[in-house]
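Only one structure is covered here, and it is reproduced in the block below.
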Amino acid sequence: MLDLKFVRGNPRVVQDALSRRGSKVTLSEFLRLDEQRREKLFVVEQMKNRRNVVSEEIGRLKKTGKDAPGMIVEMRDLSGQIKELDEEIRKLEEQLQGILLDIPNIPHDSVPLGDGAEDNPVVRVWGEPRKFLFDPKPHWDLGEALGILDFERGGKVTGARFSFYMGYGARLERAVISFMLDLHTTEHGYVEVFPPFMVNRDSMVGTGQLPKFAEDMFKIEGTDYYLIPTAEVPVTNLYRNEILDGEKLPVRHCAYSACFRAEAGAAGRDTRGLIRQHQFNKVELVKFTKPEESYEELDKLTRNAERVLQILGLPYRVVVLCTGDMGFSAAKTYDIEVWLPSYQDYKEISSCSNFSDFQARRAGIRYRNAKGKAELVHTLNGSGLAAGRTVAAILENCQESDGSVTIPEALRPYMGGMSRIG
RNA sequence: GGAGAGUUGGCCGAGUAGGUUGAAGGCGCUCGCCUGCUAAGCGAGUAUACGGGCAUAACCUGUAUCGAGGGUUCGAAUCCCUCACUCUCCGCCA
């Protein structure tokens with residue numbers, strides 16, 4: 001959410017930013033409602049002031065044994081008017097809030113202009129895609145042949161885009177998660193959190209998933225609870241409506257969670273394998289920083305996520321999302337894309353964003369600055385990494401001509417010392 | 001699921017026969033004084049949001065906020081209703 005006063009004072013800047021993003025929101029209606037609200041607010045506050053003054057006077061008179069029937073009648077009438085005006089203002093504020101909640105964040109100045117994914121500049125490339133001397137298999141074929149992935153039964157038991165990991169497959173998924181958590185907690189200074197996998201509506205609004213993207217997630221019928229699409233939601237909302245100690249910033253958390261996404265509008269995309277499931281596992285990195293440090297921290301966070309791929313020896317590249325491809329809440333985003341032989345392309349495995357004060361304003365997350373003033377923090381997060389896609393990348397990039405898979409060195413301790421599957 | 005207790009400012013904690021209580025007191029914090037150093041002591045200050053004035057500063061001023069929402073009243077932290085959360089006991093349960 002943007003600052004109301006900023007939008008009011010800089011409508012051109014905001015409108016420009018919106019159009020750069022390809023957003024259709026127009027501000028004229030918003031500005032008109034805002035004007036109306038302030039006019040009514042001014043009137044009603046004057047009325048309330050009079051009520052306060054007169055009521056106090058009535059109290060004083062009663063104390064001295066006098067009565068004031070005229071004043072009481074007048075105030076009864078005034079209170080009725082106040083109630084009506086308050087209601088009108090409440091409705092205006094509801095409308096204003098609705099619009100404000102639907103306005104995306106303003107891209108940072110360093111974000112390149114562009115319309116979509118094809119305009120995202122590559123920032124850096126690490127490693128080199130392996131040249132296979134045989135015909136490499138996609139991970140879904142490999143996984144089924146090795147008996148470690150079962151997509152068919154996932155479909156039977158639940159439905160499309162659900163799957164079972166079996167035997168060493170299940171263990172590999174668990175190994176990847178443990179390895180990543182251990183790396184981030186011991187080498188990168190993140191404090192581990194194990195969050196709830198369901199959150200209430202306020203939390204979803206806090207990080208920007210609601211009200212705009214309700215169709216993207218699963219809601220638990222008969223409750224106010226939603227399945228989380230990422231651990232970003234519970235972990236960022238950990239400190240909702242709190243004031244953090246400025247000395248403790250940046251606060252860094254990492255969290256494993258299952259993630260649930262409806263994938264509305266993704267019909268026909270990535271239909272095979274682990275790439276796009278309704279439920280997947282992810283280790284998330286979340287940071288709360290001072291405003292002046294957030295872009296530096298975004299850089300570090302991105303490199304923390306990259307480190308996972310470097311240690312696993314998986315080739316990847318980093319792109320910066322252009323204005324037209326960024327998510328709703330982000331001010332700047334780097335995507336890390338891992339090489340997938342089956343796609344003959346790089347595929348997103350992590351998305352690292354700085355949300356500036358956009359989520360912090362929605363969620364009321366502040367810190368006390370050096371002057372003792374409460375100020376909004378900046379929030380950041382990134383996958384560190386998506387476990388399912390990491391397993392897919394390992395299977396495909398580390399496969400051998402006989403259909404077996406060599407386990408990356410760093411994961412072997414988590415696999416009981418095994419060096420290959422199959 | 002049943003019964004009871006609670007929810008006040010950064011923290012702790014007063015405040016119910018409704019009326020200068022945005023809210024005593026303490027702690028913490030900031031600034032100053034004092035002081036070989038530290039501690040202690042002394043003095044002052046210390047919420048947020050939204051309006052208006054004003055340069056979108058400082059500052060002045062108004063309104064709102066004592067878990068949330070609604071009601072009663074000229075007036076509610078104080079009375080009534082609904083909801084949420086926390087704690088205790090019972091039941092159930094991994």
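Lettering of chains follows the sequences in order, A, B, ..., and the numbering in each one begins at 1. In this text the structure is predicted, and so the values were computed from the model without any measurement.
- Between E242(A) atom CD and rG67(B) atom P the separation is 18 Å, expressed in whole Å.
- A gap of 32 Å separates the P atoms of rG70(B) and rA57(B), to the nearest Å.
- If you take atom P in rA77(B) and the same atom in rG9(B), they sit 15 Å apart, rounded to whole Å.
- Taking atom CG on L376(A) and atom P on rA49(B), their separation rounds to 9 Å, with Å as the unit.
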Next item on the list: I would like to know whether K300(A) and E297(A) meet salt bridge (charged side-chain N to carboxylate O under 4.0 Å, His left out); could you show each step before the answer?
Entry: CA-CA 5 Å; K300(A) 288 188 196 164; E297(A) 292 295 334; 3.6 Å; yes

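- As rounded to whole Å, 13 Å separates atom P of rC85(B) from atom CZ of R240(A).
- Taking for each of I58(A) and K62(A) the nucleotide of RNA chain B with the nearest heavy atom, the 5'-most of the two is the partner of K62(A).
- Helical stems of RNA chain B (runs of at least 3 Watson-Crick or G-U pairs, donor-acceptor distances under 3.5 Å) are listed by first residue: B:1-7 with B:84-90, B:10-12 with B:25-27, B:28-33 with B:41-46, B:47-53 with B:59-65, B:67-71 with B:79-83.
- Distance noted for atom C1' between rA68(B) and rA94(B): 33 Å (whole Å).
- Across the P atoms, rC50(B) and rA58(B) are found 14 Å apart, a figure rounded to whole Å.
- When rounded to the nearest whole Å, the span between CD1 of I89(A) and P of rC50(B) equals 15 Å.
- With hydrogens and angles disregarded, no donor-acceptor distance shorter than 3.5 Å links the side chain of H378(A) to the backbone of F288(A).
- Proximity of a side-chain donor or acceptor of N49(A) to a complementary backbone N or O of E45(A) within less than 3.5 Å is not detected.
- Rounded to a whole Å, the CG atom of L244(A) is 15 Å from the C1' atom of rC11(B).
- Between K5(A) and the phosphate of rA49(B), there is no side-chain N or O to OP1/OP2 separation shorter than 4.0 Å.
- Using atom C1' as the reference point in both rG26(B) and rU38(B), the two lie 24 Å apart (nearest Å).
- Here the OG atom belonging to S203(A) is positioned 3.5 Å from the CZ atom belonging to R240(A), to the nearest 0.5 angstrom.
- In this structure, A175(A) and L411(A) approach most closely via the heavy-atom pair O-CD2, 3.9 Å.
- Taking 4.0 Å as the cut-off between side-chain N and carboxylate O, K83(A) and D86(A) do not count as a salt-bridged pair.
- Across all strands shown, L4(A) has heavy atoms under 4.0 Å from sugar-phosphate atoms exclusively, and none from any base.
- Between D224(A) and K219(A) there is no salt bridge, since no side-chain nitrogen of the basic residue lies less than 4.0 Å from a carboxylate oxygen of the acidic one.
- Atom CG in N200(A) sits roughly 13 Å away from atom C1' in rA68(B) (whole-Å rounding).
- With rounding to whole Å, E375(A) atom CD is found 16 Å from rA47(B) atom C1'.
- Distance Q36(A) CD to rG51(B) P: 15 Å, rounded to the nearest Å.
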Item checked: Summary of protein contacts for nucleotides 60-66 of chain B, nucleotide by nucleotide, where a base hit scores B, a sugar-phosphate-only hit scores S (4.0 Å, heavy atoms) -> --BBS--

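- Nucleotides rA24(B) and rU8(B) are separated by 12 Å at their C1' atoms, to the nearest Å.
- Side chain of R21(A) to main chain of G327(A): a donor-acceptor pair is present (N/O by atom type, distance under 3.5 Å, no hydrogens or angles).
- The shortest distance between the side-chain N/O atoms of S79(A) and the OP1/OP2 oxygens of rG75(B) is below 4.0 Å.
- With T379(A) as the partner, the side-chain hydrogen bond (donor to acceptor under 3.5 Å, both in side chains) test is satisfied by one option alone out of Q359(A), K287(A), E232(A), R362(A): Q359(A).
- The same atom, C1', is picked in rA14(B) and in rU78(B); the two are 13 Å apart, to the nearest Å.
- As judged by a 4.0 angstrom heavy-atom cut-off over every strand, R60(A) is placed among residues making no nucleic acid contact.
- In this structure, K40(A) reaches neither bases nor backbone, as no heavy-atom distance under 4.0 Å exists between it and the strands shown.
- Checking V54(A) against R8(A), the closest nucleotide of RNA chain B that is more toward the 5' end is the one next to R8(A).
- A gap of 12 Å separates the C1' atoms of rU35(B) and rC42(B), to the nearest Å.
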